[in-house]
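Please read all numbers here as calculations on a predicted model, not as lab measurements. Atoms within each ligand, like the ligands themselves, are counted from 1 in listed order. Position 1 is the first residue of the sequence, and the numbers go up from there.
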Amino acid sequence: MTKTRNYVFEQVSKLKEEVPWISLVNKTPVTKLENIGEEYNIPELYMKRDDLTTNIYGGNKPRKLEYTYGKIFEKKYEGIVTLGGLGSNHCLATTVFSKKKFNKTKEIKVTLLLMKQPLTADVQKKLLMFNNLGANIVYSGGLLGVAYNYFFKRYKNFYKLWAGGTDHITNLGHVNAAFELKEQIEDGELPKPDIIFVTLGSVGTMAGLDVGLTIAGLDDIELIGVKVAMNILWFGCTLYSERKSAKKTLKFIRKYTDKFNSIKLKKRKVLTDYVGKEYGYVTEEAKNALKIVKDLENIKLDTTYTGKTFAALLDYVKSNPVSDKSILFWNTYNSRPYDPFRKKDEDWRDLPKDFHRFFLEKLY
Ligand SMILES: Cc1ncc(COP(=O)(O)O)c(C=O)c1O
């Protein structure tokens with residue numbers, strides 16, 4: 001796979017001078033989901049394979065981390081402190097790209113403030129990998145404990161990054177992704193989608209795509225977010241927060257160009273019925289969607305994020321006729337194998353004591 005271009009910098013050259021950035025991400029393919037399309041009567045169903053964003057670790061996080069690590073290297077931070085659930089993909093991606101062998105620049109120290117989430121085998125693997133990769137992991141209980149450790153403890157010369165890694169600058173990663181998609185449409189890799197389904201967590205992925213589709217001239221594509229967390233974890237996993245974040249990113253881009261002055265963001269929709277009891281809760285709909293995508297297309301989704309979004313897509317097509325519409329599922333989950341981050345002799349007893357209980361309690 002080849003690296004993607006920074007289309008946003010090409011569009012707005014002054015941004016390139018102002019915004020630190022490193023290149024991590026490949027141009028990801030688009031796959032037609034023929035088997036699911038046939039079974040569920042969605043003749044034009046496609047998946048943007050952002051599960052393959054880098055050769056080592058995929059998913060939506062590397063698109064954001066290009067800007068996060070750009071800033072860390074430019075400002076010469078020694079480390080990064082961030083937070084997430086015990087099995088956070090954001091924490092794993094951040095830890096992976098803190099390694100010199102993966103960021104190709106410099107080793108960065110990592111402190112992860114982790115909070116409780118429903119315990120699954122994947123959560124246990126993540127904890128082992130954080131430890132194998134040398135992250136300093138701190139169990140902080142619930143959100144209050146995490147917030148206390150994040151806001152009130154001192155991390156000298158560490159860059160602070162909130163859960164999910166979203167801000168108005170890291171959103172540029174997904175603004176860029178929209179331009180990448182535009183090129184793929186122009187190259188005939190897929191028809192222009194009528195609808196895109198994407199997961200909504202800390203809102204950055206959707207907000208970036210929202211701005212990107214608008215300024216790339218694809219604003220007639222309907223962008224539908226699927227909420228996967230109660231508001232408290234990310235302060236606002238809501239359409240309102242998405243709008244706020246998108247507006248801030250557009251305003252930021254406009255500081256460096258007057259090209260997009262007349263452009264207005266479109267109305268967007270967020271589906272809110274798929275979270276289940278709490279963030280990370282394994283719903284029957286998500287499990288079922290995961291099985292369908294695995295059995296029919298041999299692509300692995302997860303139960304916290306993408307399984308819920310695919311479940312929403314399947315429900316949507318049941319109640320809305322789509323036989324003449326093209327639908328794109330934006331896959332944000334890493335599908336690269338964990339092998340490079342595992343060790344043959346890894347043992348949970350080597351983790352800090354606070355984490356041992358997560359290897360003794362019953363799994364979900
Ligand atoms: C697999 C996956 N999909 C989607 C999301 C949500 O993306 P965002 O936080 O940009 O809304 C996350 C966030 O952690 C994730 O890990």
Side-chain angles (χ1 to χ4, degrees), residues 28 47-54 57-68 82-96 112 114-115 117 120 122-123 126 161-178 196-212 223-231 233-246 248-249 268 270-272 274-275 279-280 286 289-290 293 299-313 329-336 338:
T28 62
M47 181 187 283
K48 176 69 170 158
R49 302 299 305 274
D50 264 15
D51 52 313
L52 305 171
T53 41
T54 83
Y57 188 85
N60 56 347
K61 303 304 171 194
R63 290 198 189 267
K64 306 181 185 194
L65 290 171
E66 291 190 330
Y67 295 88
T68 309
T82 192
L83 58 122
L86 289 166
S88 160
N89 298 316
H90 158 67
C91 287
L92 182 58
T94 304
T95 307
V96 167
L112 303 176
L114 300 175
M115 65 189 133
Q117 75 171 80
T120 61
D122 187 63
V123 166
K126 297 272 182 39
L161 184 66
W162 188 253
T166 289
D167 62 37
H168 64 288
I169 295 181
T170 61
N171 286 352
L172 291 175
H174 286 91
V175 178
N176 210 53
I196 298 177
F197 283 85
V198 68
T199 306
L200 187 81
S202 67
V203 313
T205 306
M206 181 168 172
L209 288 176
D210 189 348
V211 174
L223 180 64
I224 300 182
V226 180
K227 175 186 172 83
V228 295
M230 300 308 178
N231 297 346
L233 174 64
W234 281 310
F235 293 144
C237 174
T238 57
L239 181 61
Y240 174 77
S241 316
E242 186 279 329
R243 303 273 69 197
K244 226 170 111 182
S245 190
K248 203 166 170 190
T249 296
R268 301 297 185 193
V270 168
L271 305 176
T272 56
Y274 294 87
V275 188
Y279 166 75
L290 204 89
V293 179
I299 297 172
K300 193 170 168 255
L301 301 184
D302 73 302
T303 51
T304 302
Y305 299 96
T306 48
K308 290 178 180 172
T309 306
F310 208 87
L313 184 158
F329 174 76
W330 200 283
N331 189 356
T332 48
Y333 184 57
N334 165 58
S335 69
R336 299 286 185 203
Y338 289 154

Output yes when the distance from some N or O of ligand 1 to some N or O of G164 is under 3.5 Å, and no in every other case.
no
Between the side chains of K61 and T94, is a donor N or O closer than 3.5 angstrom to an acceptor N or O?
no
List every atom of ligand 1 that sits less than 4.0 Å from any heavy atom of T205, numbering the atoms from 1 in the order shown and giving each element.
7 (O), 8 (P), 10 (O)
Applying a strict 4.0 Å limit to heavy atoms, is H174 in contact with ligand 1?
no
So if I count the atoms of ligand 1 from 1 in the order they appear, which ones are less than 4.0 Å from some heavy atom of K64?
8 (P), 9 (O), 10 (O)
Any nitrogen or oxygen of Y333, main chain or side chain, under 3.5 Å from a nitrogen or oxygen of ligand 1?
no
Rounded to the nearest 0.5 Å, what separates atom CG in L172 from atom OG1 in T249?
6.0 Å
So is there a nitrogen or oxygen of T306 less than 3.5 Å from a nitrogen or oxygen in ligand 1?
no
Examine N89 against ligand 1 and note whether any of their N/O atoms are separated by less than 3.5 Å.
yes
I'd like to check which ligand 1 atoms, numbered from 1 as shown, lie under 4.0 Å from a non-hydrogen atom of T199.
4 (C)
Name the one of K248, R243, K244 that satisfies salt bridge (charged side-chain N to carboxylate O under 4.0 Å, His left out) with D210?
R243
If we only count N/O pairs under 3.5 Å, is L200 in contact with ligand 1?
no
